[in-house]
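Report on the following structure.
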Amino acid sequence: MVDRLEALMAHFPVSARVFNAGALCGINTLQSDGAHGQLHLVRSGAVEVQYGRTVLQVERPSLLLFPRPLTHRFVTDPQRGADMVCAHLTFAGGAGNPIASALPDAVCLPLQRLAGAEPVLALLFEEAFEQRCGRVALVERLLEVVMIQLLRHLMESGDMRGGLLSGLAHPRLRNALVAMHEKPAQDWTLSELATVAGLSRSVFATTFRETVGTTPGQYLQGWRVRLAQKALLRGRPLKVIATEVGYGSEAALSRAFKAQSGQSPRKWKAGSVAIEG
């Protein structure tokens, strides 16, 4: 089986920065900073989670993921509280990160459903609640491992409905998606992608659109533009980027870029650099 996450995580990794490891008591409101998602692991204690008009009651050890900036509130017992590990998440590529944009606004999952994660979680909680040298760095790396295990779970469980992760969960479409991820510069045709998926051209086109929510051509353009955006922020010349992501000229990339983002590459880069600065 092809590795559905390898190219995605290589191009668009996620990093964690811990900001709480201990008891949260009473009411704690976590304001959106407009840039980061958040990952919370509840080791023990009852937690009421509020965001928008949604209220969740967490009564057992659970994972809470907010992949995009979103204000949310935790309500716990004022005295006993709840033992939690909380971290800000940075998805490479920001709003254009294909993983973050493919996830729902919030994911709540009992830890026992995260197959194979028991040893990782045991070590994570042990380190998080002890005062050991290097504990924060270790916990942050373990949280990144948990994120990969969560993505694997979402694909294998069939819980996702529509979008990239749903496509990666499909036994045939996954092959075409991985091919585009790994070889974006290849001049893919619909027939070639259908062959990679092991489907007829018409069945592939219909199944892809119904499952992923876009056409194969539109998806490929979006993937290429995301790679181009990442390369632009690294300071690579547009002419070189165009070749790397499958366009024959700067003009061709610029047209695709504007169709995808609504801006020229240079204007997009200027705005992104200003935001990061």
Side-chain angles (χ1 to χ4, degrees), residues 1-18 36-43 56 58 60-68 84-93 96-128 138-184 196-198 207-208 211-213 219 222-223 226-227:
M1 181 188 297
V2 296
D3 190 328
R4 294 166 281 174
L5 288 177
E6 183 177 1
L8 269 177
M9 298 302 294
H11 287 296
F12 296 99
V14 57
S15 59
R17 182 166 56 85
V18 173
H36 298 93
Q38 291 189 338
L39 176 64
H40 309 283
L41 299 181
V42 181
R43 183 174 73 164
L56 301 175
V58 176
R60 50 182 169 165
S62 296
L63 174 154
L64 292 160
L65 170 66
F66 298 91
R68 293 174 293 280
M84 298 177 63
V85 178
C86 307
H88 295 298
L89 295 179
T90 299
F91 289 87
N97 183 286
I99 298 172
S101 59
L103 289 163
D105 290 339
V107 175
C108 181
L109 184 74
L111 293 180
Q112 66 180 19
R113 290 187 57 196
L114 205 56
E118 295 90 343
V120 174
L121 291 168
L123 178 58
L124 189 156
F125 285 132
E126 179 183 345
E127 291 290 335
L138 180 54
V139 170
E140 289 175 346
R141 299 297 83 75
L142 291 172
L143 286 169
E144 292 162 14
V145 172
V146 170
M147 274 299 301
I148 295 172
Q149 292 177 314
L150 173 61
L151 293 172
R152 181 189 295 169
H153 167 82
L154 292 174
M155 289 189 299
E156 294 178 350
S157 66
D159 290 344
M160 301 301 294
R161 293 291 183 270
L164 172 59
L165 294 181
S166 184
L168 289 172
H170 193 282
R172 297 296 184 92
L173 296 184
R174 67 177 64 164
N175 298 316
L177 284 164
V178 170
M180 288 187 273
H181 292 164
E182 293 182 343
K183 298 179 180 179
V196 171
T207 305
F208 194 101
T211 304
V212 182
Y219 182 83
W223 175 250
R226 285 186 173 108
L227 294 178

Where do [X] and [Y] come nearest, in terms of heavy atoms and distance?
X      : Y      : value
Ala87  : Leu143 : CB-CD1, 3.6 Å
Arg141 : Ala16  : NH2-O, 4.1 Å
Pro98  : Trp223 : CG-CZ3, 3.9 Å
Pro67  : Phe91  : O-CE1, 3.3 Å
Ala197 : Arg172 : O-CD, 3.1 Å
Val58  : Cys108 : CG2-SG, 4.0 Å

**Request:** Please say whether more than 12 non-hydrogen atoms of neighbouring residues, nucleotides or ligands are located less than 6.0 Å from CD in Glu6.
**Result:**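 No - once you tally the heavy atoms of other residues, nucleotides and ligands closer than 6.0 Å, there are 12 at most.
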**Prompt:** Taking the inter-plane angle between the rings of Phe66 and His40 on a 0 to 90° scale, is it parallel (under 30°), tilted (30 to 60°) or perpendicular (over 60°)?
**Reply:**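 If you compare the ring of Phe66 with that of His40, the planes turn out perpendicular.
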**Request:** Assign the ring pair Phe208 / Tyr219 to parallel, tilted or perpendicular, where the plane angle (0 to 90°) is split at 30° and 60°.
**Result:**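 It falls in the perpendicular class, over 60°.
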Which value, rounded to the nearest 0.5 Å, describes the distance between [X] atom [atom1] and [Y] atom [atom2]?
X      : Y      : atom1 : atom2 : result
Glu182 : Leu177 : CD    : CG    : 11.0 Å
Met9   : Asp3   : CE    : CG    : 10.5 Å
Leu227 : His11  : CG    : NE2   : 5.0 Å
Leu103 : Met147 : CG    : CE    : 6.5 Å
Leu151 : Leu168 : CG    : CG    : 9.5 Å
Asn97  : Arg226 : CG    : CZ    : 8.0 Å

Side chain of [X], backbone of [Y]: donor and acceptor closer than 3.5 Å?
X      : Y      : answer
Arg4   : Leu165 : no
Ser166 : Gly163 : no
Arg43  : Val85  : no
Glu140 : Val18  : yes
Arg152 : Ile148 : no
Arg17  : His88  : no

**Request:** Evaluate side chain to side chain contact (heavy atoms under 4.5 Å, CB included) for Val178 paired with Val196, printing each intermediate quantity in order.
**Result:** CA-CA 10 Å; Val178 170; Val196 171; over 6 Å; no
Are side-chain heavy atoms of [X] and [Y] found at a separation under 4.5 Å?
X      : Y      : value
His181 : Leu164 : yes
Val14  : Ile99  : no
Leu142 : Phe125 : no
Thr207 : His170 : yes

**Message:** Run Arg174 and Met155 through side chain to side chain contact (heavy atoms under 4.5 Å, CB included) and show every step you take.
**Reply:** CA-CA 10 Å; Arg174 67 177 64 164; Met155 289 189 299; over 6 Å; no
**Complete:** When Leu150, Leu64, Leu65 are each screened for side-chain contact (heavy atoms from CB on, under 4.5 Å) with Leu109, the one that passes is Leu150
**Item:** Partner of Val139 under side-chain contact (heavy atoms from CB on, under 4.5 Å), chosen from Glu126, Glu144, Glu127
**Value:**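 The residue from Glu126, Glu144, Glu127 that satisfies side-chain contact (heavy atoms from CB on, under 4.5 Å) with Val139 turns out to be Glu127.
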